[in-house]
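Take a look at the structure set out below.
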Amino acid sequence: MPKNTIGKVRTRFAPSPTGYLHVGGARTALYSYLYAKHTGGEYVLRVEDTDQVRSTEDALKMQVEDLLWLGLNWDEGPDPKTLKDLGSFAPYRQSQRLEIYKKYSDQILAQGKAFYCFCTDEDLERKRQKAMKEGRPPHYDGTCRKIDIETAKQKISRGEKGAVRFLVTHTHDVKFNDLIRGEVVFPPGMLGDFILLRSDGMPVYNFCCTIDDALMEITHVLRAEEHLSNTLRQLLIYEALGFEIPIFGHLSIILGADRQKLSKRHGDTSCHEYKEKGYLPEAIKNYIALLGWSSPKGQEIFTESELIEQFDLDRLNPAAAVFDEVKLKWVNAQYIRTMPHAELWQKLLPFFDGAGLKLPSDIEWQDKAIGLMKTSMETLVDAVELFRPLSLTELDLNDEGKEVLKWETSFKVITKWREKIEGCGKMYLSTAEFDAIINSVKDECNVKGKFLFMPTRVAIIGKPHGAELKQLVPLLSKDVLVARANRCLKI
RNA sequence: GUCCCUAUCGUCUAGAGGCCUAGGACAAUACCCUUUCACGGUAUGGACCCGGGUUCGAAUCCCGGUGGGGACGCCA
């Protein structure tokens with residue numbers, strides 16, 4: 001009987017590689033990871049790829065990539081680079097553990113706790129519909145229970161396809177103690193005989209999951225609430241095989257703003273999409289940690305080590321939580337503000353490149369620019385519009401800007417502005433020098449308020465509204481400022 | 001249909017029978033700062049799903065209802 005001999009906490013995240021990593025999956029992975037780290041235990045990545053139709057190698061790569069992006073590195077599982085299984089419980093891909101499942105299936109069959117089923121899909125579907133219509137639970141009706149094992153084996157040896165079903169006969173309540181929900185009771189009659197092995201020999205989720213959790217000595221199974229009723233099947237398998245039962249914790253579901261389970265209908269639900277929208281992995285992690293868990297201190301923004309230190313399983317909320325991107329944005333903004341400038345610049349670079357922005361490569365300039373801009377952005381994508389006026393490309397005058405240039409006083413203001421900059425000895429103006437110049441333009445042209453600031457802003461960024469000039473001007477060289485002013489004067 | 005889970009401001013939550021006139025965060029509103037916007041600061045409004053019990057006392061415990069979610073697959 002498999003047993004956790006080390007006495008260590010072992011958690012796992014067991015995704016099915018059928019697409020991108022969903023935020024719900026990310027949270028399950030995060031909690032499993034955090035709990036293992038918190039207790040000094042081990043965190044395993046196992047790949048549940050027994051659905052050969054839907055599981056793909058590409059999807060596995062995507063999931064691995066997203067998990068690594070979030071920094072949820074596993075102690076055992078497929079190697080991040082080669083995807084080769086690493087760890088003493090290998091293999092970690094269920095598609096490579098088929099003999100193991102076969103062995104246990106044979107054992108259950110031999111115990112008489114399972115039987116071969118030769119019913120066809122069509123038969124089953126018809127019976128299911130009929131049962132539903134008559135108000136009965138749509139359970140398997142037990143047709144093949146009466147086929148004895150020898151007869152069944154003969155049929156199989158003649159090439160007939162048979163699935164293996166677990167024989168569900170218990171008449172007692174099945175109970176377990178859920179970490180999050182307390183005692184959960186399943187009365188008898190909730191279940192029909194369920195499949196262990198499909199007729200093509202592939203095992204199904206509930207079977208592999210149970211065997212692997214036991215064999216891999218997983219001590220704490222954290223998974224989404226939709227698996228709560230699966231636990232009954234798994235408990236019956238644990239019982240039949242005499243395996244030690246792990247501690248289960250069923251995490252609440254994450255909902256969209258419409259209070260329905262978060263899904264593709266809600267738009268962006270994968271980590272990958274949030275990455276593209278300019279969210280930092282630290283921020284996503286921090287935000288999803290708070291969906292269903294709270295810090296005993298009431299803290300909301302954490303470093304990685306604070307999260308690990310404070311995270312525990314006794315503060316998980318059983319009720320479903322709505323995913324709120326507005327708050328995610330706020331969390332993201334907090335991280336942007338505290339991130340070292342050079343690091344933030346590196347993260348911004350792909351977004352600038354993607355938008356075709358050409359920005360100075362001077363490190364000092366970049367540092368100054370980030371310092372001035374970072375409180376104005378919530379996501380990395382926001383930086384694109386913020387930095388666009390600083391791009392060393394031709395000034396883009398918008399219609400609103402052109403309107404401002406038509407004002408009577410605008411020509412005078414911009415001419416004076418250009419004259420003042422040209423007269424300045426330095427390559428970059430300081431904020432104070434900019435203030436001084438603006439004030440002298442104001443006095444000498446005798447204009448103020450919007451008639452002063454709007455034309456000046458148009459001469460600098462091509463539009464009358466937007467970024468703070470005090471932030472922008474110190475980041476634009478004299479040459480660029482003059483060239484842009486000239487451009488406006490020519491219209 | 002049957003079973004399981006669940007219910008505190010718009011959202012995430014604190015709350016372990018008296019510390020609750022229910023606390024915090026995001027969002028909202030107002031004001032301050034600012035010659036635009038944002039940042040920042042200050043303040044305001046905003047919730048215990050409903051009905052029964054138990055108790056001297058219930059957001060908290062119990063029962064019922066209602067709402068929401070999940071499961072009843074040769075999907076996971």
Side-chain angles (χ1 to χ4, degrees), chain A residues 14-18 48-51 53-55 94 117 119-121 124-125 128 131-140 161-165 178 180-182 184-192 194-206 208-209 223-233 250 252-253 255 257 259-261 287 290-296 298-301 315 317-331 333 337 373-378 382 386 435 438-439 442 448-450 452-454 456-457 464-471:
Chain A
S16 168
T18 55
E48 311 228 325
D49 56 352
T50 54
D51 184 341
V53 180
R54 296 198 304 150
S55 301
Q94 294 185 329
C117 172
C119 296
T120 63
D121 282 348
L124 293 170
E125 186 52 33
R128 214 183 340 263
M132 289 270 246
K133 223 162 135 186
E134 292 170 6
R136 286 179 289 122
H139 296 161
Y140 180 66
K161 296 279 185 204
V164 176
R165 277 186 194 273
D178 190 271
I180 301 165
R181 287 151 218 289
V184 177
V185 181
F186 300 109
M190 276 182 72
L191 221 50
F194 57 90
I195 298 281
L196 259 21
L197 253 42
R198 301 166 164 97
S199 49
D200 64 0
M202 279 305 269
V204 298
Y205 164 77
N206 283 296
C208 320
C209 178
R223 50 156 73 131
E225 192 193 337
E226 64 219 54
H227 291 292
L228 188 58
S229 34
N230 281 325
T231 309
L232 171 54
R233 289 183 179 76
H250 289 91
S252 63
I253 302 272
L255 309 174
R259 296 213 142 261
Q260 302 289 304
K261 187 177 165 184
Y287 175 69
L290 258 16
L291 275 183
W293 174 80
S294 60
S295 151
Q299 195 173 333
E300 301 228 52
I301 302 290
R315 296 183 63 84
N317 196 323
V322 173
F323 190 92
D324 179 14
E325 191 169 346
V326 175
K327 184 139 185 185
L328 205 212
K329 267 195 180 149
W330 176 79
V331 173
R337 278 167 215 182
M373 298 295 198
K374 65 178 178 180
T375 55
S376 306
M377 49 176 118
E378 290 185 300
D382 291 343
L386 241 29
D435 276 340
I438 274 291
N439 277 323
K442 179 172 94 177
K448 57 181 184 175
K450 74 173 191 176
L452 172 63
F453 276 87
M454 286 196 175
T456 313
R457 186 175 279 112
H465 296 286
E468 169 96 72
L469 292 184
K470 277 183 192 170
Q471 286 180 2

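Just so we're on the same page: letters track the sequence lines, and every chain starts at 1.
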Is A/Ser294 near enough to B/A14 that one of its side-chain N or O atoms lies under 4.0 angstrom from OP1 or OP2?
-> yes
Residue-phosphate contact under 4.0 Å: A/Arg337 side-chain N/O, B/G40 OP1/OP2 | yes
How does protein contact run along nucleotides 62-76 of chain B, one letter per nucleotide 5' to 3', with B for base contact, S for sugar-phosphate only, - for none, heavy atoms under 4.0 Å?
-> ------SBSSBSBBB
Rounded interatomic separation in angstrom, taking [atom1] from [X] and [atom2] from [N]:
| X | N | atom1 | atom2 | answer |
| --- | --- | --- | --- | --- |
| A/Arg315 | B/U13 | CZ | P | 12 Å |
| A/Leu232 | B/C3 | CG | P | 15 Å |
| A/Phe186 | B/U2 | CZ | P | 19 Å |
| A/Gln299 | B/U13 | CD | P | 17 Å |
| A/Ile301 | B/C12 | CD1 | C1' | 12 Å |

[atom1] gap between [N] and [M], integer Å:
| N | M | atom1 | result |
| --- | --- | --- | --- |
| B/G53 | B/C72 | P | 40 Å |
| B/G67 | B/A25 | P | 35 Å |
| B/A76 | B/A71 | P | 14 Å |
| B/C5 | B/G52 | P | 25 Å |
| B/U2 | B/G64 | P | 15 Å |
| B/C33 | B/C39 | C1' | 10 Å |
| B/A47 | B/C56 | P | 31 Å |
| B/G65 | B/C19 | C1' | 33 Å |

Looking at [N], which nucleotide sits across from it as a Watson-Crick or G-U wobble partner, both distances under 3.5 angstrom, or is there none?
| N | value |
| --- | --- |
| B/A71 | B/U2 |
| B/G64 | B/C50 |
| B/C26 | B/G10 |

Closest to side chain of A/Leu452, choosing from B/U13, B/C12, B/U35 |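 For A/Leu452, the side-chain atoms sit closest to B/U35.
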What nucleotide, of B/C12, B/C39, B/A7, holds the atom closest to the side chain of A/Leu290?
->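 Closest nucleotide to the A/Leu290 side chain: B/C12.
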Please classify the nucleic acid contact of [X] as base, sugar-phosphate, or nothing, using heavy-atom distances under 4.0 Å.
| X | value |
| --- | --- |
| A/Val53 | nothing |
| A/Asn439 | base |
| A/Lys442 | base |

Set of residues satisfying side-chain contact (heavy atoms from CB on, under 4.5 Å) with respect to A/Glu125, sequence neighbours excluded | A/Arg128, A/Gln129
Contacts of type side-chain contact (heavy atoms from CB on, under 4.5 Å), residue A/Asp382, not counting sequence neighbours = A/Met377, A/Glu378, A/Thr379
Under the salt bridge (charged side-chain N to carboxylate O under 4.0 Å, His left out) rule, collect the residues that match up with [X], sequence neighbours excluded.
| X | value |
| --- | --- |
| A/Arg315 | none |
| A/Arg337 | none |
| A/Lys329 | none |
| A/Lys327 | A/Glu300 |

Counting only N and O atoms by type, is there a donor-acceptor contact under 3.5 Å from the side chain of A/His139 to the main-chain atoms of A/Met190?
-> yes
A/Arg165 side-chain N/O to A/Phe194 backbone N/O, donor-acceptor pair under 3.5 Å = no
Distance, nearest 0.5 Å, that separates CD1 of A/Ile180 from CH2 of A/Trp293 |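 Result: 13.5 Å between the selected atoms.
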With A/Tyr205, which residues qualify under side chain to side chain donor-acceptor pair (under 3.5 Å), at least two apart?
->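 Once residues adjacent in sequence are excluded, the partners of A/Tyr205 under the side chain to side chain donor-acceptor pair (under 3.5 Å) criterion are A/His227.
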Protein N or O to nucleotides 27-33 of chain B N or O, pairs below 3.5 Å:
none

Answer yes or no: is there a side-chain heavy-atom contact under 4.5 Å between A/Arg181 and A/Leu228?
-> yes
